[in-house]
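Just so you know, ligand 1 is whichever comes first in the structure, and atom 1 is the first atom listed for that ligand.
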Amino acid sequence: MKRKIGVLVSGRGSNLQAMIDACAVGELNAKITVVISDKPDAPALRRVEGTSTAAVVVERKSYQTAEEFDSAVASVLEEHGVEIVVLAGFMRVLGPGFIHRFRDRVINIHPSLLPSFPGLNAQRQALLHGVKITGCSVHLVNETLDGGPILAQTAVPVLPDDTEESLSARILKEEHKLLVKVLQEMCACAP
Ligand code: GRF
């Protein structure tokens, strides 16, 4: 049985694309049933246009409170039978209510070797600190920002002439592989 994945995005969607591609060639025994964006113009949404994956926009401004927004997102995921939730460049922090509804079933991809450089601009933080090795992490999402249990990591070298762009691109390539690898493992486990 294919596991049902829901993906939350806010932007470009290259990690979403890596998952779409892995499902298409059977590397991932899963179906992405829904992609939810908090930004109506997120390029990620276009990646599932014309496919059987639903693309849904849930904007924060449509709800009075963060809890109501979280609950709306959770309801859309549940309507689509989602078993595993992937935060792939989703720029909002989900509250305890959401985490509780999907406990241990929400993962996030982050462009650093956590616990170093949580939060925004992880690649810039790595350059500013002068680290020689950084990378990417996939972790379970809990109530702490980028702080849940780490599931897998890949190390990436920082080169002497790196810019934020060149370093981000080198990390991103590894993110795509790492995310698919973790999902393969999760999909192989019994629900
Ligand atoms: C990635 O670097 C991811 O680690 C971070 O946001 C970026 C999303 O990129 N959380 P994309 O939208 O998947 O291309």
Side-chain angles (χ1 to χ4, degrees), residues 5-24 27-28 30 32 34-49 51 53 55-60 73 84-94 98-99 102 105-129 131 133-159 162-184 186:
I5 295 177
V7 186
L8 305 194
V9 296
S10 300
R12 175 178 59 189
S14 70
N15 279 289
L16 168 64
Q17 190 66 52
M19 291 181 272
I20 293 170
D21 294 345
C23 289
E27 263 175 35
L28 201 50
I32 302 170
V34 63
V35 173
I36 302 175
S37 174
D38 63 322
K39 300 263 177 7
D41 53 355
L45 289 169
R46 295 205 291 272
R47 297 180 188 265
V48 293
E49 248 171 26
T51 73
T53 298
V56 180
V57 175
V58 183
E59 285 186 273
R60 173 65 184 86
V73 172
I84 299 168
V85 182
V86 182
L87 310 187
F90 185 62
M91 298 307 284
R92 292 200 163 274
V93 177
L94 295 159
F98 184 96
I99 305 302
F102 290 93
R105 293 189 291 141
V106 188
I107 64 170
N108 180 45
I109 175 93
H110 184 78
S112 76
L113 291 178
L114 292 169
S116 290
F117 315 136
L120 293 175
N121 305 314
Q123 304 92 332
R124 191 184 309 164
Q125 293 184 56
L127 288 172
L128 287 172
H129 281 82
V131 296
I133 295 171
T134 183
C136 50
S137 307
V138 175
H139 65 92
L140 282 176
V141 174
N142 66 9
E143 286 80 359
T144 315
L145 179 68
D146 297 327
I150 294 165
L151 299 177
Q153 296 184 306
T154 303
V156 173
V158 181
L159 302 183
D162 259 337
T163 60
E164 202 177 327
E165 288 67 35
S166 63
L167 178 59
S168 299
R170 192 175 311 115
I171 296 171
L172 193 63
K173 269 193 199 167
E174 299 304 325
E175 289 185 36
H176 298 159
K177 291 186 238 167
L178 190 68
L179 186 55
V180 169
K181 181 171 157 258
V182 168
L183 284 167
Q184 278 170 339
M186 290 178 82

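In this structure, of G11, G89, S14, the residue bringing a heavy atom nearest to atom 11 (P) of ligand 1 is S14. Nearest residue to atom 9 (O) of ligand 1 from H176, Q123, R12 is R12 (criterion: closest heavy atom).
Annotation: side chain of E59 is in contact with side chain of P40 (closest heavy-atom distance under 4.5 Å). Within the 4.5 Å cutoff, no side-chain heavy atoms of I36 are placed close to those of F90. Side chains of M19 and R47 form no contact here, defined as non-hydrogen atoms less than 4.5 Å apart. Proximity of F102 to L94: side-chain heavy atoms (C-beta onward) are nowhere separated by under 4.5 Å.
Residue contacts with ligand 1: I109 is placed with a nitrogen or oxygen under 3.5 Å of a nitrogen or oxygen of the ligand (distance criterion only). Close N/O approach between N108 and ligand 1 is not found [any backbone or side-chain N/O within under 3.5 Å]. Between G13 and ligand 1, at least one N/O pair is under 3.5 Å apart.
In this structure, A44 has no heavy atom closer than 4.0 Å to ligand 1.
Scanning all protein heavy atoms for the shortest distance to atom 4 (O) of ligand 1 gives E175 OE1, 2.7 Å.
The existence of a salt bridge linking E49 and R46 is excluded, since no basic side-chain nitrogen approaches an acidic carboxylate oxygen closer than 4.0 Å. Taking the charged nitrogens against the carboxylate oxygens, R60 and D38 have no contact shorter than 4.0 Å, which rules out a salt bridge.
If you look at H110 next to ligand 1, the close heavy atoms, those under 4.0 Å, all belong to the backbone.
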